[in-house]
Amino acid sequence: MSTESKENVNTEEIKQNALAENTDNTEAAENTENIEAAATDSDDEKTDIGAALAGETDEDVDLLKEMKRKAKEEKKALKQKLKEEKAEAAEEKKATKKKKSDKSENPEDINIVKDLVSVLIYMLVIVVLCLLIVTFVGQRTTVNGDSMNPTLENGDNLWIDKFSYRFKDPQRYDIIVFPQQDVFYIKRVIGLPGETVKIDAEGHLYINGELVQDEYSQITIHNADDVGGDGITLGEGEYFVMGDNRNNSHDSRDQNVVGNITKKRMIGKAVFRLTPFSKFGSIYK
């Protein structure tokens, strides 16, 4: 081969090598661009993911802020409620204190009412006790007249026992009180149920035929009335009564006016002289 041919061959090889090198360079450039594009795409993807993550974080932050805000509002509302309740309690306490203060400021009014109620209750109790005493226990009476002289005198105040005759019968010489028409009589029991009472012409008193030695009256009886002759026999539950001042007394001797007295008619037994104070005490010897 000639020199010229060798040079042509070398030139071709150089060209081919240059072309191959260019091709490699182009592929390398294309690879570089592809890598750079891929990197750009990757950065874009990272940017989108970051943006997305950033968006989710903002929502979470907003949600947390909202929850915090609501919690704060609820706490504030609770504090306000507690404050209001505390204020109401303070007002109630103040009102109660004021009411007590008003009561303490007007103790006289309260005391007057209490005193008035106490007096009314006391008076009611007294009235009830008086009614019970007068009805079942005893009562005061005043002697009017001289039929019981000398034992009792006009104006004497006596206490009448209304209780004992509920459990026992009257006894001889008891001084009793009984109603007669519109007035009350006070006389002494002389004859008992079943006995015969008689006054003879000389004014002597006999019971069942026996002469009575009357220690309460030494007066000779001038008026026998209806008990003269055979006398009067007393029935069951009947009592013969006379005044100690025999000749100045309307009593059982007049059977048409007073007559015999039954236990049911008796108010009670005179037992005590209240006045005059000089004769205060029992009326029995």
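Please read these numbers as outputs of a predicted model, since none were measured by experiment. Atoms considered below: every heavy atom in the structure, side chains included; atoms not considered: hydrogens, waters and symmetry mates.
Taking every heavy atom of both residues into account, T275 and R273 meet most closely at O-CG, 3.4 Å. The shortest heavy-atom contact between K187 and F178 is CG-CE2, 3.8 Å. For the residue pair N247 and N223, the shortest heavy atom distance occurs at OD1-N, 4.2 Å. Closest approach of S249 and G243 over heavy atoms only: OG-N, 3.2 Å. Across all non-hydrogen atoms, the minimal contact from K162 to I267 is CG-O, 3.5 Å. Residues Y284 and V271 come closest through the heavy atom pair CE1-CA, 4.0 Å.
The hydrophobic cluster containing V241 does not contain V197, counting ILVMFWY residues as joined when their side-chain heavy atoms lie under 4.5 angstrom apart, directly or transitively. No continuous path of ILVMFWY side-chain contacts below 4.5 Å connects V128 to V119, so the two sit in separate hydrophobic clusters. Taken together through direct or relayed side-chain contacts under 4.5 Å among Ile, Leu, Val, Met, Phe, Trp and Tyr, M242 and Y185 form parts of separate hydrophobic clusters. At a threshold of 4.5 Å between side-chain heavy atoms, the hydrophobic network of Ile, Leu, Val, Met, Phe, Trp and Tyr places L192 and Y165 in one connected group. Residues Y206 and V227 are members of separate hydrophobic clusters, defined by side-chain heavy-atom contacts under 4.5 angstrom among Ile, Leu, Val, Met, Phe, Trp and Tyr.
Between L82 and E85 the shortest side-chain heavy-atom distance falls below 4.5 Å. Between V257 and H250 the shortest side-chain heavy-atom distance does not fall below 4.5 Å. At least one side-chain heavy atom of P170 sits under 4.5 Å from a side-chain heavy atom of K263. Side-chain contact between K68 and K72: absent, with no pair of heavy atoms (C-beta onward) separated by less than 4.5 Å.
No donor-acceptor pair closer than 3.5 Å links the side chain of E153 to the backbone N or O of P150. For S282 (side chain) and F272 (main-chain N/O), no donor-acceptor pair under 3.5 Å exists by modelled atom type. Between the side chain of D146 and the backbone N or O of N149, no donor-acceptor pair lies under 3.5 Å. With Q171 contributing its side chain and D169 its backbone, the two residues share a donor-acceptor pair below 3.5 Å. Between the side chain of Q139 and the main chain of G268, no donor-acceptor pair closer than 3.5 Å is present. With hydrogens and angles disregarded, a donor-acceptor distance shorter than 3.5 Å links the side chain of N154 to the backbone of G145. At least one donor-acceptor pair under 3.5 Å links the side chain of R188 to the backbone N or O of Y173. In this structure, the side chain of D174 does not engage the main chain of I176 through any donor-acceptor pair within 3.5 Å.
With sequence neighbours left out, R172 forms a side-chain hydrogen bond (donor to acceptor under 3.5 Å, both in side chains) with E195.
Test R69, K70, K76 against E73 for side-chain hydrogen bond (donor to acceptor under 3.5 Å, both in side chains) and you get one pass: R69.
With hydrogens and angles left out, the side-chain atoms of D254 and N256 include no donor and acceptor closer than 3.5 Å. Checking T142 against N157 by side-chain atom types alone, a donor-acceptor pair falls below 3.5 Å.
Atoms CE and CD1, from M266 and I160 in turn, are 12.5 Å apart once rounded to the nearest 0.5 Å. In this structure, L234 CG and I261 CD1 are separated by 10.5 Å, a value rounded to the nearest 0.5 Å. Rounding to the nearest 0.5 Å places CG of L129 at 9.5 Å from CG of L124. Separating the CG atom in L152 from the OG atom in S147 is a distance of 8.5 Å, to the nearest 0.5 Å. One finds the CD1 atom of I186 at 9.0 Å from the CG atom of D156 (value rounded to the nearest 0.5 Å).
Crowding of N144 atom CG: a count of heavy atoms from other residues, nucleotides or ligands under 6.0 Å not exceeding 12. Environment of CD in Q181: sparse, with no more than 12 heavy atoms of neighbouring residues, nucleotides or ligands closer than 6.0 Å. The environment of CD in E236 is sparse: at most 12 heavy-atom neighbours from other residues, nucleotides or ligands sit within 6.0 Å.
The cationic group of K269 does not satisfy the cation-pi geometry with Y239, failing either the under 6.0 Å distance to the six-membered ring centre or the 45° limit from the ring axis.
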